Amino acid sequence: MSSLDARLGVLRGTAPPIPHSARTLAALTANPTCDRRSLIDAAGIDKAALAAHLNLPQPLRKSQLALDYGLAFEHKVTAQAGAPLVPLLRQALALTLPEASYQDVNSVGSDDDKSSLQLRHAHTRSRILSAAHRRPSQHRTLLDHPVLHLTVAGHQAYLEPDIIAFHRDGVFHVVEIKSFPVIHGQSDPLKVDAALTQAAAYVLALRELLADDGLPPERVSDTVILVNPRNFTQHPTATPYKAYQQIKSLSRHLGRLRRLPELLDKLPPHTTLDLAPGPDGKPTRPRGELAAALATVPARYTPGCRHHCDLAFHCRTEARNQRRTAALGTKVRDDLAGIDTIDTALALTDGQLHPARDQKDITQALQQAQRIYAELQTGIA
Ligand code: SF4
């Protein structure tokens, strides 16, 4: 075990680590400057268990009905060896193949059991490399339920894209099946961005696999295909999207995770978020002690955290208690860049604090806003 693993293990405590997934990686990019989230996820700490022990309300999750609907749509699209998908991809990727072969890696060597991740990864790897080197009789076009590896903070995370499609020129595309609709050619941009960020993890993992075999990153396209229900039906439609920005952003964030030893160095010695489960498995750690340990790991709360992090309500209370500008929203935080607390902003506005050179413009803007507010108040009176 590396010393980094050992240090992350101390932070995690006795619980087994939770592995990364494309979803958790995508969530990391939603708040890339939060050291707390970076360390907790790198250590594989169960955020939901921390939140439950701290008595926090859970963030909104998809209902079972929505999950079932998504699963049914995915089955419909990949039924009959991907038959409904092939014409869509031919159109979206301008494929000219008269026939498309299909392989489901979900169950390797057995018809009914789901094979282990390791076995499915080994099969995925060999099929992709065979195709990449264009060995005869290996013109597979669709690989369903492949399993890839991505190095995250020095660890191998297993990822499971919906589909990898590739054509004769040897360029691979990631295909994601999503249950949110395309209505008259338009999708919810936030959902598209989240789906592309998730797909970016698959693109990077695929590039890593090819790079290990000496193949260039351009062999994996940054065009990702999203397959969604069309209008208010269950009929699928495929749309190509450029995921370049999402790939760049995720890549930058993964690079940042290499700074984990630095982040760990800033914590007091022996800091742990262990829940100290008793013989019945229930946490015995006093809540105040856990909250104090969390407070030693710096956070960067924004209201968007409520959509992707179990600790959002804890961090929001903390940010409000510390009167952080970020608690008022990312717009306010960005407009007041360099002024971290509401008290500093007020002191600069009232002239009780002299602005530093880089705070002069924003101080003038705050004072102007205060004048307008005072005039409006006078007008109302
Ligand atoms: S909720 Fe807290 S830990 Fe999670 S990303 Fe936001 S600030 Fe970081």
Side-chain angles (χ1 to χ4, degrees), residues 7-8 10-13 15 17-61 152-153 157 190 193-194 197-198 200-201 246 249-250 252-257 259-260 262-264 266-268 271-275 283 285 287-334 336-337 339-342:
R7 294 174 76 189
L8 290 172
V10 170
L11 188 64
R12 186 178 61 250
I18 292 185
H20 264 299
S21 66
R23 208 175 282 275
T24 62
L25 290 173
L28 272 176
T29 64
N31 192 354
T33 54
C34 179
D35 292 349
R36 182 175 292 172
R37 170 116 198 193
S38 297
L39 277 173
I40 287 178
D41 281 347
I45 294 171
D46 184 349
K47 291 187 294 299
L50 290 184
H53 189 49
L54 290 168
N55 263 342
L56 302 175
Q58 290 298 295
L60 282 178
R61 298 203 193 279
V152 182
L190 288 178
D193 186 57
T197 306
Q198 214 175 314
Q246 287 82 0
S249 158
L250 181 59
R252 201 172 40 231
H253 191 69
L254 289 174
R256 199 172 169 271
L257 288 184
R259 287 180 42 231
L260 287 176
E262 244 175 82
L263 301 183
L264 285 164
K266 291 185 192 156
L267 303 184
T271 300
T272 181
L273 302 178
D274 190 13
L275 294 180
R285 182 102 185 256
R287 288 200 180 99
E289 206 181 289
L290 178 64
L294 263 178
T296 64
V297 191
R300 293 270 294 174
Y301 175 78
T302 71
C305 289
R306 280 175 295 160
H307 301 292
H308 61 81
C309 189
D310 297 274
L311 296 174
F313 290 96
H314 175 82
C315 298
R316 183 178 69 175
T317 306
E318 193 182 72
R320 284 179 177 171
N321 290 345
Q322 294 169 350
R323 294 177 57 76
R324 299 242 147 223
T325 50
L328 302 174
T330 29
K331 175 93 180 73
V332 177
R333 184 194 64 186
D334 294 346
L336 297 179
I339 301 174
D340 287 340
T341 66
I342 297 167

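In this chain, numbering begins with 1 at the start of the sequence shown. This structure is a prediction, so every number in the text was calculated from the model and none was measured. Whatever order the structure lists them in is the order used to number ligands and atoms, beginning at 1. For the numbers below, each heavy atom of this structure counts, side chains included, while hydrogens, waters and symmetry mates do not.
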K.L.:
Flag the pair I40 / I45 as yes when at least one side-chain heavy-atom distance between them is below 4.5 Å, and no otherwise.
P.N.:
yes
K.L.:
For atom 2 (Fe) of ligand 1, report each protein N, O or S atom nearer than 2.8 Å, sorted by chain and then by residue number.
P.N.:
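Listed by chain and number, the nearby protein N, O or S atoms are C315 SG.
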K.L.:
With rounding to the nearest 0.5 angstrom, report the CG to CG distance, L294 to L311.
P.N.:
6.0 Å
K.L.:
Is a donor on one side and an acceptor on the other found under 3.5 Å between the side chain of R36 and the backbone of V297?
P.N.:
yes
K.L.:
Could you tell me which residues satisfy side chain to side chain donor-acceptor pair (under 3.5 Å) with R324, sequence neighbours excluded, listed by chain and number?
P.N.:
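Listed in chain order: Q322.
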K.L.:
Please give me the minimum heavy-atom distance between L50 and L273, naming the atom from each residue.
P.N.:
CD2-O, 3.7 Å
K.L.:
Is the side chain of H53 donor-acceptor paired with the backbone N or O of L290 at a distance under 3.5 Å, no angle test?
P.N.:
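Not a single qualifying donor-acceptor pair exists.
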